[in-house]
Student: 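Please see the structure below; I have some questions.
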Protein chains: 2
Amino acid sequence: MDYQLSEIVFFHRKKSGLTRNQLADLAGVGKTVVYDIEKGKETIRFSTLLKVLKALNVKITFTSPLMRVFNEKS
Amino acid sequence: MDYQLSEIVFFHRKKSGLTRNQLADLAGVGKTVVYDIEKGKETIRFSTLLKVLKALNVKITFTSPLMRVFNEKS
DNA sequence: ATTTATTTACCGCTATAGCAGCAAAAAATC
DNA sequence: GATTTTTTGCTGCTATAGCGGTAAATAAAT
């Protein structure tokens with residue numbers, strides 16, 4: 001699923017100089033989660049993924065042909 | 001969690017002229033999932049969310065100060 | 001106004017995500 | 001090369017995501 005999620009997490013964790021346990025603690029999740037994500041597992045909870053990405057300062061954005069229309073409203 | 005995920009899904013589903021059941025069938029997930037997402041639930045599986053977003057032609061991208069460095073490698 | 005379609009909201013069930021603990025393998029540090 | 005740290009990979013346990021079914025409330029179509 002080419003979202004390279006595992007690579008992104010690994011890359012950011014390494015650049016942050018964190019071990020998996022440290023990242024897990026920082027994100028407030030179990031250590032198994034970080035292990036699983038970097039292993040390529042995608043059947044994790046979205047909320048759990050958000051915690052990890054937040055700890056790594058990675059933002060999620062949604063894009064689509066319609067998103068411009070979406071952003072112009074509100 | 002300001003990712004407005006629920007609004008994004010709702011917006012795209014409506015623009016696609018799909019009912020929740022139709023979207024659920026199209027995405028290959030249970031109808032409860034679409035209901036939950038639009039209700040704002042974030043404790044859903046990432047893989048399940050991907051299915052729904054794929055059916056709506058919505059892409060996920062990850063951004064961070066480090067992502068430029070990440071993209072320049074490979 | 002009546003019918004039809006959609007949404008909201010529950011239910012019980014099954015599969016599994018997430019957890020901590022452990023130990024062996026691999027990598028990094030000394 | 002010996003020691004320490006990190007990673008990989010299991011384990012059993014608990015909480016819950018996802019499922020289809022049902023039914024009432026709401027909205028849309030006739």
Side-chain angles (χ1 to χ4, degrees), chain A residues 1-62 64-67 69-70 73-74, chain B residues 1-62 64-67 69-70 73-74:
Chain A
M1 315 312 257
D2 75 11
Y3 294 97
Q4 336 110 309
L5 183 57
S6 56
E7 288 99 341
I8 289 173
V9 169
F10 177 79
F11 181 80
H12 283 80
R13 180 174 65 80
K14 280 299 177 185
K15 287 287 181 187
S16 307
L18 295 168
T19 69
R20 287 179 167 171
N21 281 344
Q22 287 173 332
L23 174 56
D25 287 349
L26 192 63
V29 302
K31 59 186 167 50
T32 332
V33 169
V34 179
Y35 170 64
D36 285 341
I37 294 177
E38 291 191 3
K39 209 177 154 191
K41 185 177 183 182
E42 284 192 337
T43 57
I44 56 168
R45 271 179 219 150
F46 182 55
S47 55
T48 307
L49 177 60
L50 288 183
K51 288 182 195 168
V52 174
L53 293 182
K54 192 170 191 176
L56 292 172
N57 197 26
V58 176
K59 279 210 172 66
I60 285 190
T61 55
F62 305 98
S64 84
L66 283 174
M67 273 312 280
V69 184
F70 177 81
K73 74 181 183 69
S74 81
Chain B
M1 316 278 135
D2 74 14
Y3 295 95
Q4 336 111 308
L5 183 57
S6 57
E7 286 100 341
I8 290 173
V9 168
F10 178 79
F11 180 81
H12 283 80
R13 179 174 66 81
K14 281 298 178 186
K15 288 285 180 185
S16 307
L18 295 169
T19 69
R20 286 179 168 172
N21 281 345
Q22 288 172 332
L23 174 56
D25 287 349
L26 191 63
V29 301
K31 60 186 166 47
T32 332
V33 168
V34 179
Y35 169 64
D36 284 341
I37 293 177
E38 291 190 2
K39 209 176 153 191
K41 186 178 184 182
E42 285 191 336
T43 56
I44 57 168
R45 273 179 217 149
F46 183 55
S47 56
T48 306
L49 177 59
L50 288 183
K51 288 183 195 168
V52 174
L53 293 181
K54 192 170 190 176
L56 293 172
N57 196 28
V58 177
K59 280 211 172 67
I60 285 190
T61 55
F62 304 98
S64 83
L66 282 174
M67 273 312 280
V69 184
F70 177 81
K73 72 180 185 69
S74 79

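All heavy atoms count here, side chains included; hydrogens, waters and symmetry mates do not. Within every chain, numbering begins at 1; the chains are lettered A, B, ... in the order of the sequence lines, protein sequences first and strands thereafter.
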Student: In whole Å, what is the span from the CG atom of L49(A) to the P atom of dG18(C)?
Tutor: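 In whole Å, dG18(C) P and L49(A) CG are 9 Å from each other.
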Student: Using the side chain to side chain contact (heavy atoms under 4.5 Å, CB included) rule, pick out the option among E7(A), R13(A), H12(A) that qualifies with F10(A).
Tutor: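 Only match with F10(A) under side chain to side chain contact (heavy atoms under 4.5 Å, CB included): R13(A).
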Student: Give the rounded distance in Å between these two atoms: CZ of F10(B) and P of dA27(D).
Tutor: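 From F10(B) CZ to dA27(D) P: 12 Å.
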Student: In whole angstrom, give the distance that lies between atom CG of N21(B) and atom C1' of dG20(D).
Tutor: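 In whole Å, dG20(D) C1' lies 11 Å from N21(B) CG.
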Student: Rounded to whole Å, please give me the gap between CD1 in I37(B) and C1' in dA9(C).
Tutor: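 Taking CD1 of I37(B) and C1' of dA9(C), I get 17 Å after rounding.
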Student: Can you name the salt bridge (Lys or Arg N to Asp or Glu O under 4.0 Å) partners of K31(B), sequence neighbours left out?
Tutor: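 Scan of K31(B) (salt bridge (Lys or Arg N to Asp or Glu O under 4.0 Å), adjacent residues dropped) gives none.
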Student: Any side-chain N or O of Y35(B) under 4.0 Å from OP1/OP2 of dA9(C)?
Tutor: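 Affirmative; the distance criterion is met.
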Student: Without decimals, in angstroms, what is the distance between E42(A) CD and dG18(D) P?
Tutor: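 These atoms are roughly 14 Å apart.
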Student: Taking 4.0 Å as the cut-off, does a side-chain nitrogen or oxygen of R45(B) come that near to OP1 or OP2 on dC19(D)?
Tutor: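 No.
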Student: Before giving the answer on side-chain contact (heavy atoms from CB on, under 4.5 Å), spell out for I60(B) and F62(A) the whole-Å C-alpha distance, their side-chain angles and the decisive distance to 0.1 Å.
Tutor: CA-CA 5 Å; I60(B) 285 190; F62(A) 305 98; 3.6 Å; yes
Student: Just to verify, what does T48(A) make a side-chain contact (heavy atoms from CB on, under 4.5 Å) with, not counting sequence neighbours?
Tutor: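 side-chain contact (heavy atoms from CB on, under 4.5 Å) check on T48(A) returns V29(A), V33(A), R45(A).
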Student: Are N57(A) and S64(B) side-chain neighbours, meaning at least one heavy-atom pair lies under 4.5 Å?
Tutor: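 Counting from C-beta outward, N57(A) and S64(B) never come under 4.5 Å.
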Student: Between dT6(C) atom P and L18(B) atom CG, what is the distance in whole Å?
Tutor: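 Going from L18(B) (CG) to dT6(C) (P), I get 11 Å.
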Student: For a quick check, with a 4.0 angstrom heavy-atom cut-off, what is the B/S/- contact string for nucleotides 19-30 of chain C, read 5' to 3'?
Tutor: BBBB--------
Student: side-chain contact (heavy atoms from CB on, under 4.5 Å) between V34(B) and N21(B): does it pass, once the steps are laid out?
Tutor: CA-CA 8 Å; V34(B) 179; N21(B) 281 345; over 6 Å; no
Student: Over how many whole Å does the gap from K41(B) atom NZ to dA17(C) atom C1' extend?
Tutor: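 Result: 13 Å.
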Student: Output the rounded distance in Å from CG (D36(B)) to C1' (dC19(D)).
Tutor: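 Taking CG of D36(B) and C1' of dC19(D), I get 11 Å after rounding.
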Student: Side chain of I44(B), heavy atoms from C-beta onward: which of dA17(D), dT6(D), dA17(C) has the nearest atom to it?
Tutor: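 Of the options given, the side chain of I44(B) lies nearest dA17(D).
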Student: Heavy atoms only: give me the nearest V52(A)-A27(A) pair and the separation to one decimal.
Tutor: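 For V52(A) versus A27(A), the nearest heavy atoms are CA-CB, 3.9 Å.
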Student: Can you identify which nucleotide, out of dT7(C), dG9(D), dT7(D), has its nearest atom closest to the K39(A) side chain?
Tutor: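 When the side chain of K39(A) is considered, dG9(D) is the closest of dT7(C), dG9(D), dT7(D).
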Student: Which of these nucleotides, dT7(D), dT7(C), dA17(D), is closest to any side-chain atom of R13(A)?
Tutor: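 Side chain of R13(A) sits closest to dT7(D).
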